[in-house]
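Every chain is numbered from 1 and lettered A, B, ... according to where its sequence line falls, protein lines coming before strand lines. Just so it is clear, the model here is predicted, and its values are computed rather than measured.
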Amino acid sequence: MKASWWINGRLNRNPWRPLRCRGRCVGLGPSRMSSEVVQTEQRKANLEAITRLGFAAYPNQFETTHSVSGLVEAYRDKTAAELEAPRVDTVTAGRIVSIRSFGKASFVVLSDGRSRLQVYVRQDALSERDYQLSKLLDIGDQVGVAGHLFRTKTNELSIWAAKLEFLAKCFLPLPEKWHGLQDVEVRYRQRYLDLIVNPDVRRVFETRTRTVAAIREFLNGHGFLEVETPMMQPIAGGALARPFVTHHNALDMNLFLRIAPELYLKRLTVGGIERVFEINRNFRNEGISTQHNPEFTMLEFYWAYVDYRRLMDFTEELLSTVARQVIGTTQFPFGDHTIDMSAPFRRLSLRDAAAERAGARLGTTVTVEELRHPDSARQLAVRLGVAPPKGGGAGKVAAAIFEALWEAELVQPTFVYDFPTEVSPLSKQKPGDPDTVERFELYVGGFEVANAFSELNDPVEQRRRFEAQLADRAAGDQEAHAMDDDYVRALEYGMPPAGGEGIGIDRLVMLLTNSPSIRDVILFPLLRPRSAE
RNA sequence: GGGCCGGUAGCUCAGUGGUAGAGCAUCUGACUUUUAAUCAGGUGGUCGUGGGUUCGAUCCCCACCCGGCUCACCA
């Protein structure tokens, strides 16, 4: 007895676990069962009664003429008179999300995940069998309804039910109708519940899908070819990050989940695909935050014969077009701000902006030259209270100073351009300035959304950069870039000058949906599994 | 990984060193146009886990688990 009690208690605390105490719970009596188990037993009894009425417990299909949201969209504005002549007969299906019962009549609200529609169920409009079914329905059940549209006394669009069909039973109680599901942990772990109960969640993910579709349409319209490149790679390159490791059994070799598609896409520009893009997942073995999920979706595109300046203009056009297409405007709320995604975006030279802000912070004049020399740059970092990076020279320090002084306040779209070569192993130097590369990052909402540069296509210089990265790696930088001989060999065949850019899709969607956390725009964000007990 | 905050009924949340509370959900009864329906009456909890202090712990202390925010790192 004690053991059964304990099992019930455990089930209470782990509602996402399948029920395992069937049989053991039976016979304990209501006083010994948790509310959830009681409700499950009641719903199982209801299902048995439903099958005794002759309904299949799990029918295989149900032919509808309309979806719930289709009906709502088509007839939302029709008056009661318009719904009568001619009468609109319909067959639809959905999940019951609410029941208001009045004895021999009831109002049942059906949801198809996008919209909700009320169904009016009354005894004298149904067969006795269907009426008996209606009394055995629980909130959460899947049902089919045939009937005609009308408006109630309170003018609500409704279906006057003539027939009911049972489609599937919901054994577990849904979260409360008014407050919905608030517990973010449960929302992420059981996203299906979140989708059932919180209508805005569906809209966020529809916006996400429309965003990706709009980007595809834009790039296709500009002559870019969409491709798919390896996500399991022998060398994880194209970014500075730690990869996940996996293993191929037949080849008995380790593979890395990609941290970026960059090097493969650039091989394709060598192969003559002058405009190419890919939208897919990257994997980086790093911490989790409101802006980081270990797997995230990235757009990367490469465009032969253009440089990073052309990419800035193109990015402005891309993002303002996508915003207009997806949410209908280039001005939208994000937290306490209103972001204006219309072109042109602000442009800040990294070292100029860092020097200017550093000078203002310290009440002196700081020159760009100070940021270019390792000793003076490090001293500057110390005076500013910025923790200087462990290894590396002036470039890493300058980038760290910029981020510390500027990043959080870059809410309106801002291009930060001209990065130190040291932190950009795949970017092309500016003519006459080998310490600086033609690279920019786009900040919006206080975080980085895009990263782009004129692509380094000089194989000798590329090999030198990789070797410098190997030195960093030897010095303990686990995120330093690995040597990729095959990639250098591809460059030796001659890669056209090209601009390339990566845009973080998740972060872009955060902006367009006013979501404060990346987990709100990823259906199943990575969470630590519940312990096995 | 560090700091701060949280975990109490299926859901949303109160609360106290002395047998655990509300609303919704659920059950019973009434009710054939409701909108968080209403009315009456019930059921439902090892208060995240494990130790400790105490006559007694859901509450105090310690450790751990899970989550949130934040810093560090990154896109």
Side-chain angles (χ1 to χ4, degrees), chain A residues 2 5-15 29-43 45 98-109 116 118 120-125 131 138-140 150-156 158 160 171-189 193 197 239-242 259-260 282 284-294 296-300 387 389-390 400 403 407 441-443 447-451 477-479 502-508 516-519 527-533:
Chain A
K2 175 78 175 159
W5 219 76
W6 183 80
I7 285 166
N8 291 344
R10 190 169 66 168
L11 283 163
N12 281 342
R13 294 191 302 277
N14 298 284
S31 65
R32 289 229 155 174
M33 287 196 273
S34 72
S35 170
E36 185 181 81
V37 174
V38 169
Q39 293 193 40
T40 298
E41 293 302 319
Q42 286 159 350
R43 285 159 181 252
S98 129
I99 299 173
R100 290 182 294 277
S101 173
F102 292 81
K104 296 181 180 64
S106 57
F107 295 93
V108 174
V109 178
R116 297 181 169 195
Q118 177 170 274
Y120 183 44
V121 174
R122 44 185 293 159
Q123 183 175 28
D124 57 16
Y131 177 67
D138 292 295
I139 289 172
F150 75 109
R151 286 198 179 268
T152 62
K153 273 184 193 167
T154 52
N155 206 39
E156 174 147 348
S158 308
W160 187 288
F171 291 121
L172 295 165
L174 293 185
E176 198 215 339
K177 61 189 171 189
W178 189 241
H179 298 93
L181 185 62
Q182 303 291 330
D183 185 324
V184 290
E185 184 175 352
V186 179
R187 287 185 48 223
Y188 298 150
R189 288 189 194 278
L193 273 185
V197 176
L240 305 180
R242 295 174 65 183
I259 57 176
N282 289 346
R284 298 191 182 173
N285 209 335
E286 289 159 357
I288 295 172
S289 78
T290 48
Q291 285 153 33
H292 301 83
N293 194 61
F296 63 101
T297 300
M298 181 102 124
L299 158 69
E300 282 200 16
K390 291 178 198 92
E403 279 182 24
E407 184 169 315
E441 289 183 345
L442 173 66
Y443 283 84
F447 50 77
E448 186 185 336
V449 171
N451 180 21
D477 182 355
Q478 293 179 294
E479 292 178 355
I503 296 182
I505 298 297
D506 313 271
R507 289 183 176 180
L508 179 58
S517 169
I518 199 169
R519 295 180 205 98
L527 296 182
R528 200 182 291 271
R530 305 293 305 198
S531 63
E533 295 185 72

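At the phosphate of B/rC66, OP1 or OP2 sits under 4.0 Å from a side-chain N or O atom of A/R528. Dashed line: the shortest gap from a side-chain N or O of A/K177 to OP1 or OP2 of B/rA37 is under 4.0 Å. Proximity of A/R43 to the phosphate of B/rA25: no side-chain N or O atom is located under 4.0 Å from OP1 or OP2. Side-chain N/O atoms of A/R100 include none lying less than 4.0 angstrom from OP1 or OP2 on B/rU34. Dashed line: the shortest gap from a side-chain N or O of A/S289 to OP1 or OP2 of B/rU70 is not under 4.0 Å.
Spacing of P atoms, B/rC5 relative to B/rU58, comes out at 22 Å, to the nearest Å. Remark: the separation of the C1' atoms in B/rA20 and B/rC59 is 12 Å, to the nearest Å. For B/rG51 and B/rG44, the P atoms lie 27 Å apart once the distance is rounded to whole Å. Between the C1' atoms of B/rA9 and B/rU26, the separation comes to 11 Å (whole Å). Here the separation of B/rA57 from B/rU12, taken at their C1' atoms, is 26 Å to the nearest Å. Atom P of B/rA25 sits at a distance of 7 Å from the matching atom of B/rA37, rounded to the whole Å. Rounded to whole Å, the P atom of B/rA22 lies 33 Å from the corresponding atom of B/rC62. Across the C1' atoms, B/rC69 and B/rU38 are found 42 Å apart, a figure rounded to whole Å.
Looking at heavy-atom distances under 4.0 Å, A/E448 makes contact with sugar-phosphate atoms alone, never a base. Nucleic acid contact class of A/N293 (heavy atoms, under 4.0 Å, all strands): base. Contact annotation for A/R116: no contact, since no heavy-atom pair falls under 4.0 Å across all strands. Residue-level contact check: A/G180 touches the backbone only, with heavy atoms under 4.0 Å from sugar-phosphate atoms and none from bases. A/E156 comes within 4.0 angstrom of a base, heavy atoms only. Among the atoms of the strands shown, none is found under 4.0 Å from any heavy atom of A/L174. Within the 4.0 angstrom heavy-atom criterion, no nucleotide atom of any strand lies near A/R242. The residue A/S98 sits apart from the nucleic acid: no heavy atom pair falls under 4.0 Å. Using a 4.0 Å heavy-atom distance criterion, A/E479 is classed as a sugar-phosphate-only contact. A/D506 comes within 4.0 angstrom of nothing in the nucleic acid, heavy atoms only. A/L527 comes within 4.0 angstrom of the backbone, heavy atoms only, and of no base. Nucleic acid contact for A/F150: base, since at least one base atom lies under 4.0 Å from a heavy atom of the residue.
Put simply, the side chain of A/V109 reaches to within 4.5 Å of the side chain of A/R100, judged on heavy atoms. Side-chain contact between A/P173 and A/Q39 is present, with at least one heavy-atom pair separated by less than 4.5 Å. Residues A/D138 and A/Q42 fail the side-chain proximity criterion, which asks for heavy atoms closer than 4.5 Å. At a threshold of 4.5 Å between non-hydrogen side-chain atoms, the residues A/N451 and A/E441 count as touching. For the pair A/P516/A/T290, no side-chain contact is recorded, criterion being any heavy-atom separation below 4.5 Å from C-beta on.
With distances taken from any side-chain atom of A/T152 to the nucleotides B/rU26, B/rU32, B/rU34, the minimum falls on B/rU34. For A/I518, whose side chain is taken as the heavy atoms from C-beta onward, the closest listed nucleotide among B/rC11, B/rA75, B/rC13 is B/rA75. Side chain of A/S101, nearest nucleotide from B/rA25, B/rA75, B/rC31: B/rC31. In the set B/rG68, B/rG10, B/rA36, the nucleotide with an atom closest to the side chain of A/P173 is B/rG10. The listed nucleotides are B/rU34, B/rU12, B/rG67; the one nearest the side chain of A/F102 is B/rU34.
Toward the 5' end of RNA chain B, the nearer of the two residues A/S517 and A/G504, judged by each one's closest nucleotide, is A/S517. Ranked by how close their nearest RNA chain B nucleotide is to the 5' end, A/K104 and A/P516 are led by A/K104.
Among all heavy-atom pairs drawn from A/R284 and A/I259, the shortest one is NH2-O, 2.7 Å. Closest of all the heavy-atom pairs between A/V197 and A/R116 is O-NH2, 4.1 Å. Nearest heavy-atom pair, A/A260 versus A/A239, reported as atom, atom and distance to 0.1 Å: CB-CB, 4.1 Å. Here the shortest heavy-atom pairing between A/L174 and A/G140 reads CD1-CA, 3.8 Å.
For the pair A/F107 and B/rU34, the ring geometry qualifies as stacking, because the centroid separation is below 5.5 Å while the planes lie within an angle under 30°. With centroids closer than 5.5 Å and planes inclined by less than 30 degrees as the test, A/F296 and the base of B/rA75 pass as a stacked pair.
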Practice item. Taking Watson-Crick and G-U wobble pairs with both distances under 3.5 Å, convert RNA chain B into its dot-bracket string, 5' to 3', dots for unpaired and | for cross-strand pairs. Key: (((((((..((((....[..)))).(((((.......))))).....(((((..]....))))))))))))....

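Distance A/W178 CH2 to B/rA37 P: 9 Å, rounded to the nearest Å. Rounded to whole Å, the distance from CD1 on A/I139 to C1' on B/rG10 is 12 Å. A straight line from CD1 of A/I288 to C1' of B/rG1 spans 13 Å, rounded to a whole angstrom. Following rounding to the nearest Å, A/R189 (CZ) and B/rG48 (C1') show an atom-to-atom distance of 13 Å. Taking atom CG of A/L181 as the reference point, atom C1' of B/rG10 lies 11 Å away to the nearest angstrom. A/Q478 has its CD atom 12 Å from the C1' atom of B/rC73, to the nearest Å. Atom CD of A/Q291 is separated from atom P of B/rG68 by 14 Å (rounded to the nearest Å). The nearest whole Å value for the distance from the CD atom in A/E185 to the P atom in B/rC11 is 12 Å.
The main-chain N or O of A/V449 is never found under 3.5 Å from a side-chain atom of A/R507 such that the two would form a donor-acceptor pair. Judged purely by atom type and a 3.5 angstrom limit, A/D506 uses its side chain to pair as donor or acceptor with the backbone of A/T297. A donor-acceptor pair under 3.5 Å is formed between the side chain of A/T40 and the backbone N or O of A/F171.
Judged by distance alone, with hydrogens and angles left aside, A/Q118 brings a side-chain donor or acceptor within reach of the base of B/rU34, the pair sitting under 3.5 Å.
With sequence neighbours excluded, no residue forms a ring pair (Phe, Tyr, Trp, His ring centres under 6.0 Å) with A/F447.
Using the six-membered ring where Trp is involved, A/W160 and A/Y120 have ring planes that are perpendicular, over 60° apart on the 30 and 60° scheme.
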Strictly under 3.5 Å: I want the nitrogen or oxygen pairs between protein and nucleotides 21-23 of chain B, one per line.
residue : atom : partner : partner atom : Å
B/rG23  : N2   : A/E176  : OE1          : 3.3

